[in-house]
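Reading through the structure tokens given below for one structure.
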Amino acid sequence: SSWWSHVEMGPPDPILGVTEAFKRDTNSKKMNLGVGAYRDDNGKPYVLNCVRKAEAVIASKKMDKEYLPIGGLADFTRASAELALGENSEAFKSGRYVTVQGISGTGSLRIGANFLQRFFKSSRDVYLPKPSWGNHTPIFRDAGLQLQAYRYYDPKTCSLDFSGAMDDISKIPEKSIILLHACAHNPTGVDPRQEQWKELAATVKKRNLLVYFDMAYQGFASGDINRDAWAVRYFIEQGINVILSQSYAKNMGLYGERAGAFTVICSDAEEAKRVESQLKILIRPMYSNPPLNGARIASIILNTPDLRKEWLVEVKGMADRIISMRTQLVSNLKKEGSSQNWQHITDQIGMFCFTGLKPEQVERLIKEFSIYMTKDGRISVAGVTSGNVGYLAHAIHQVTK
Amino acid sequence: LAAYRTDEGQPWVLPVVKKVEQKIANDNSLNHEYLPILGLPEFRANASRIALGDNSPAIKENRIGSVQSLGGTGALRIGAEFLRRWYNGNNNTATPVYISAPSWENHNSVFVDAGFKDIRTYHYWDAAKRGLDLQGLLDDMEKAPEFSIFILHACAHNPTGTDPTPDQWKQIAAVMKRRFLFPFFDSAYQGFASGSLDKDAWAVRYFVSEGFELFCAQSFSKNFGLYNERVGNLTVVGKDTDNVQRVLSQMEKIVRTTWSNPPSQGARIVATTLSSPQLFAEWYDNVKTMADRVLLMRSELRSRLESLGTPGTWNHITEQIGMFSFTGLNPKQVEYMIKEKHIYLMASGRINMCGLTTKNLDYVAKSIHEAVTKIQ
């Protein structure tokens, strides 16, 4: 007999599982609107030119393969902090922060979650927006924390339930942890406007909450890195010492290279040093030290003026294509004769769109049209092209008319 | 941190790695898309094949699984997290975990952070005889509660460099089988220790042939010199396909909340190398180069100490294997080495053999001689 007889078969991962089902489908018209990976207008993965150039630089330098420090590549972590906080940020210039390299967004979130479990003794509760990225819940749970929710998405309007959010947040017990999506909320694409962010900041400050920002789409949302980081920077300026997770998977297309960072804004540089030492103690028994390749590519791009400029153009290009697909989807739906209100598709921002489709409708899209998405009706707009947007509109109309 | 050094004291990027990296860089069909959660399939299959052997009955019977991990540490952590959740009941944090005395210091942290509450040591290093305390080890296994987990070093024990002989491994396996103890191998030096992949995997393969279900955390940091790419693999050997599939499905869940999916660069290099007969041969050669240099430094150091007439016996230097050697120097002697001779070793007397070169052998030997004769 086996040690493992009682081990249950785990359920297939809902997000990455969509791609696997898509791969098995033989329909030539199939569309993968599941996993959030950018595709160009031919539906192909896009390796950024600035990434290729950075790789050429790396190849020419013939560097060794020695271990990185536990906290990662210093040029990368510093540039990452500067990208998020802004070069004129008082927190950045004074050095009252610590940034460690993490395994893309997931790894960075997990470092933060483990850190909170060990050192944030005021509360075990993490408040997530309803809904949030599916992996947030198991990450925090596996780290030993508990999950709560605040209202966020209004399914009636497919937009932000601001009064609901404010109402819930104003009642969160003091010194709890609240997670906020910095921009391009996943899965809804619904972001607060700047005036709304200001009110959120005031409330969060009043309730003395620990703010955890998840920023996986800086630059990728609006096309402007400063605009996408506005909320993070505003909160810090208001004296809220946030903690932050960043990912370079989407905005630099470095998905499989796992480039990310975790930052803690501290009272001063001395506190930052102490926090850093504890983060290293958490990281070492997870994987010792992080992988170099992705961080080095990102670092070269961020720290080389020409490549940084090129990157800003390319990330805007990706954001613009997505915005254009949203527009085309709505106009195609109108052409199909749909009488539904699809304005939310263009109001929402970023890679994802909460279509408002119900599970039964999603099921039909998958089974009858080979259009794959997650059950919550979320589509990855990046998977839409000028070549298939018509088919998508047609299919959506068929299941919603 | 411990890494290989050439005779010039420099880091060494393996020639085969440079070649394969160039190949990857020139391949425009490659992109940076996400790997599957469990990693690059070609990497996983090849990595486990290297550990278990081409003719492994477990592979033939399709009862093995692999999880690409962030280095050997990552593989240990995924295995530990799985065991804490699913081994010996559900979420049984009380299952004792036994780690050798001494061991790599991170072993303890990995299992503590995975949630185990009862971490113990088993006898291993006999300081008096400068060798394996086999009787102490076997006694600990006899006394260990049934189902305890034992972390075993597959070869080139870190930090002592002292491995059980095949005969001793057989005795260890017999006790573990009788007492239902779980073997979790840490294999960080396959090939790097003796120069032979098969020889360095003998213990793991023996346990498999004895019908054990086991885990083997593999690192390709040293034998591929890919330290900073974090290339590791957790090999799972089970009773049958069905059990292994369920285990992997649960490991996927653990991976998803830890790093989602692993980094692609290092796995591509290893997979490309291992799946090409020619590149594999070149790699084997590179590994042998590293192993041979370390073996040479061992024999040269020993012969110098014996020529100098340094008090004590020094055969342990060549009997030990791998990157490290437990010299037998006591803390005071170590302090002398560091302060007076600027030779850095751990307080335990552990020396990194990779730090020895033909240029510094005389100096190191003389310094050890001084330390041993001047300081008691």
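Computed over heavy atoms, backbone and side chain alike; hydrogens, waters and symmetry mates excluded.
- Chosen from S108(A), S288(A), G294(A), G107(A), the residue pairing most often with chain B at heavy-atom distances under 4.5 Å is S288(A).
- Looking at F180(B), the atoms closer than 4.5 Å to chain A (heavy atoms on both sides) sit in the backbone and in the side chain alike.
- Looking at heavy atoms from C-beta onward, M286(A) lies out of side-chain contact with W259(B) at the 4.5 angstrom threshold.
- Across every non-hydrogen atom of M63(A) and V13(B), the tightest pair is O-CG2, 3.9 Å.
- Around atom NZ of K121(A), more than 12 heavy atoms belonging to other residues, nucleotides or ligands sit under 6.0 Å away.
- Ring-plane geometry between Y34(B) and Y255(A) is classed as perpendicular, the angle between the planes exceeding 60 degrees on a 0 to 90 degree scale with a lower cut at 30.
- Of the charged side-chain nitrogens involved, none lies within less than 4.0 Å of a carboxylate oxygen, so that D113(B) and R284(A) do not count as a salt-bridged pair.
- The salt bridge (charged side-chain N to carboxylate O under 4.0 Å, His left out) contacts involving residues 26-44 of chain B comprise R39(A)-E33(B), where partners must be two or more places apart or lie in separate chains.
- Residues from residues 239-247 of chain B that place a non-hydrogen atom less than 4.5 Å from a non-hydrogen atom of chain A comprise K239(B), N243(B), Q245(B), R246(B), V247(B), given in numerical order.
- For the side chain to side chain contact (heavy atoms under 4.5 Å, CB included) test, residues two or more places apart in sequence or in another chain that qualify with N88(B) are N92(B), T95(B), F147(B).
- Remark: the T257(B) side chain and the R110(A) side chain contain an N/O donor-acceptor pair separated by less than 3.5 Å.
- The two residues W4(A) and L83(B) make their nearest non-hydrogen contact at CH2-CD2, 3.6 Å.
- Between K65(A) and P11(B) the shortest side-chain heavy-atom distance does not fall below 4.5 Å.
- Residues passing the side chain to side chain donor-acceptor pair (under 3.5 Å) test with N26(B) are Q22(B), sequence neighbours excluded.
- For the pair H6(A) (side chain) and N90(B) (backbone), a donor-acceptor distance under 3.5 Å is absent.
- For the options E21(B), M251(B), E229(B), E213(B), heavy-atom pairs under 4.5 Å to chain A are most numerous at E213(B).
- Put simply, of F111(B), W104(B), Y4(B), W12(B), the one with the most heavy-atom pairs under 4.5 Å next to chain A is W104(B).
- T73(B) has its side chain out of reach of P285(A): every pair of non-hydrogen atoms, C-beta onward, lies at least 4.5 Å apart.
- Separation of atoms CD1 (I139(A)) and OG (S260(B)) is listed at 6.5 Å; rounding is to 0.5 Å.
- The backbone N or O of P262(B) lies less than 3.5 Å from no partner atom in the side chain of R258(A), so there is not a single donor-acceptor pair.
- Annotation: maximal heavy-atom pairing with chain A below 4.5 Å, among N106(B), I254(B), N31(B), occurs at N106(B).
- Taking every heavy atom of both residues into account, E8(A) and S249(B) meet most closely at O-OG, 3.9 Å.
- No donor-acceptor distance shorter than 3.5 angstrom exists from the side chain of N261(B) to the backbone of G256(A), with no hydrogens or angles considered.
- Taking the centre of each ring, F82(B) and W3(A) stay at or above the 6.0 Å mark.
- Shortest non-hydrogen contact noted between A2(B) and Y67(A) is O-CE1, 3.7 Å.
- Atom CD of Q265(B) and atom CD1 of I297(A) lie 7.5 Å apart (nearest 0.5 Å).
- For K30(A), the NZ atom sits in a packed shell: over 12 heavy atoms of surrounding residues, nucleotides or ligands are nearer than 6.0 Å.
- For the pair R230(B) (side chain) and Y287(A) (backbone), a donor-acceptor distance under 3.5 Å is present.
- In this structure, no portion of L214(B) lies under 4.5 Å from any heavy atom of chain A.
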